[in-house]
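These values consider heavy atoms only, across backbone and side chains, with no hydrogens, waters or symmetry-generated copies.
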Amino acid sequence: MLIVIGGLPGAGKTTLSRLVARRLGAVHVRIDTIEQAIVRSGLARRPLGPAGYVVGYALAEDHLRQGLTVIAESVNPMAITRDAWREVGVRAGVPVAEVEVTCSDQDEHRDRVTTRSTDIPDLRLPEWREVVERDYEPWDRDHITVDTAGQTPQASFETLMAHLKLHLE
């Protein structure tokens, strides 16, 4: 199965992705990690354009073809990237669950964005202004939405797992 997790920075994507990957024994493909590795290689500078996503699509498809479940995590801000992830699953012949992680409490979201740290060396996290001004197209098809506002990561994880179970039935 391919589980595509998207949403604005600071909404809780990485936390949920890690919890799901751990529970399912899945591969976690994180676009931030890929993009920062490309930057560190000296081959490119930010903004990278589609490079990180294209590498992510290839890695995800390769893992899916090996019979592994993949959690593909990125902001996934546009219909074109969402369509591309879905096509990865179609080509690999696996079900695809699309998940949008949100934080509907603006104060809580701002606090997360302004106080968090990164585990990716040299990755500059976006400032709150960059998050709210980011181009982010509304989702135009059915998908799972997990609102992490006011919840513990464990509660959000349990909500997501319940949705994924229904998605597979």
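Minimum interatomic distance between Met1 and Ala97 (heavy atoms only, all atoms of both residues): CE-CB, 3.5 Å. Between Ala26 and Ile71, the shortest heavy-atom distance links the atoms CB-CG1, 3.9 Å. Considering all non-hydrogen atoms of both residues, Glu98 and Asp142 come closest at OE1-O, 4.2 Å. Minimum heavy-atom separation, Ala21 to His28: CB-CB, 4.1 Å. Here the shortest heavy-atom pairing between His143 and Arg141 reads ND1-O, 2.9 Å. The two residues Pro153 and Thr15 have their closest heavy-atom pair at CB-CG2, 3.7 Å.
Side-chain contact between Gln66 and Val27 is absent, with no heavy-atom pair separated by less than 4.5 Å. At least one side-chain heavy atom of Val20 sits less than 4.5 Å from a side-chain heavy atom of Met161. Val146 places none of its side-chain heavy atoms less than 4.5 Å from the side chain of Gln151. Counting heavy atoms from C-beta on, the side chains of Tyr57 and Thr81 come closer than 4.5 Å. The shortest side-chain heavy-atom distance between Arg82 and Val96 does not fall under the 4.5 Å cut-off. Within the 4.5 Å cutoff, side-chain heavy atoms of Asn76 are placed close to those of Trp139. Residues Thr148 and Leu16 are in side-chain contact: their nearest non-hydrogen atoms beyond the backbone lie under 4.5 Å apart. Between Val70 and Leu59 the shortest side-chain heavy-atom distance does not fall below 4.5 Å.
For Thr102 (side chain) and Ser104 (main-chain N/O), no donor-acceptor pair under 3.5 Å exists by modelled atom type. Under the 3.5 Å distance criterion, the side-chain polar atoms of Glu158 are left unmatched by any main-chain donor or acceptor of Ala155.
Residues Leu125 and Tyr136 do not share a hydrophobic cluster, defined by chaining ILVMFWY side chains whose heavy atoms lie under 4.5 Å apart. Val39 and Ile120 end up in different hydrophobic clusters when Ile, Leu, Val, Met, Phe, Trp and Tyr side chains are linked at under 4.5 Å. Under the 4.5 Å side-chain heavy-atom criterion for ILVMFWY residues, no single connected hydrophobic cluster contains both Leu123 and Val113.
For the pair Asp62 and Arg65, the salt-bridge criterion is not met [side-chain N within less than 4.0 Å of a carboxylate O].
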Side-chain polar contacts of residues 3-14 - donor-acceptor pairs under 3.5 angstrom, sequence neighbours left out - could you list them?
from	atom 1	to	atom 2	distance (Å)
Lys13	NZ	Gly7	O	3.0
Lys13	NZ	Leu8	O	3.1
Thr14	OG1	Glu73	OE1	3.3
Thr14	OG1	Glu73	OE2	2.6

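The line from OG1 of Thr69 to CG of Leu2 is 9.0 Å long, rounded to the nearest 0.5 Å. A distance of 10.0 Å separates OG1 in Thr159 from CD in Gln154, rounded to the nearest 0.5 Å. Between Arg22 atom CZ and Phe157 atom CZ the span is 9.0 Å, to the nearest 0.5 Å.
When hydrophobic residues (I, L, V, M, F, W, Y) are linked wherever their side-chain heavy atoms come within less than 4.5 Å, Val90 remains an isolated member.
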- Task: Start with the C-alpha gap between Arg86 and Asp83, add the side-chain angles, then the distance that decides, and say whether salt bridge (charged side-chain N to carboxylate O under 4.0 Å, His left out) holds.
- Result: CA-CA 5 Å; Arg86 183 186 278 180; Asp83 292 345; 5.4 Å; no

- Item | Trace of the side chain to side chain contact (heavy atoms under 4.5 Å, CB included) decision for Arg134 with Val75 | CA-CA 10 Å; Arg134 185 179 196 122; Val75 173; 3.7 Å; yes

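Applying the salt bridge (Lys or Arg N to Asp or Glu O under 4.0 Å) test to residues at least two apart or on different chains, the pairs with a partner in residues 111-121 are Arg18-Asp119, Arg30-Asp119, Glu108-Arg112.
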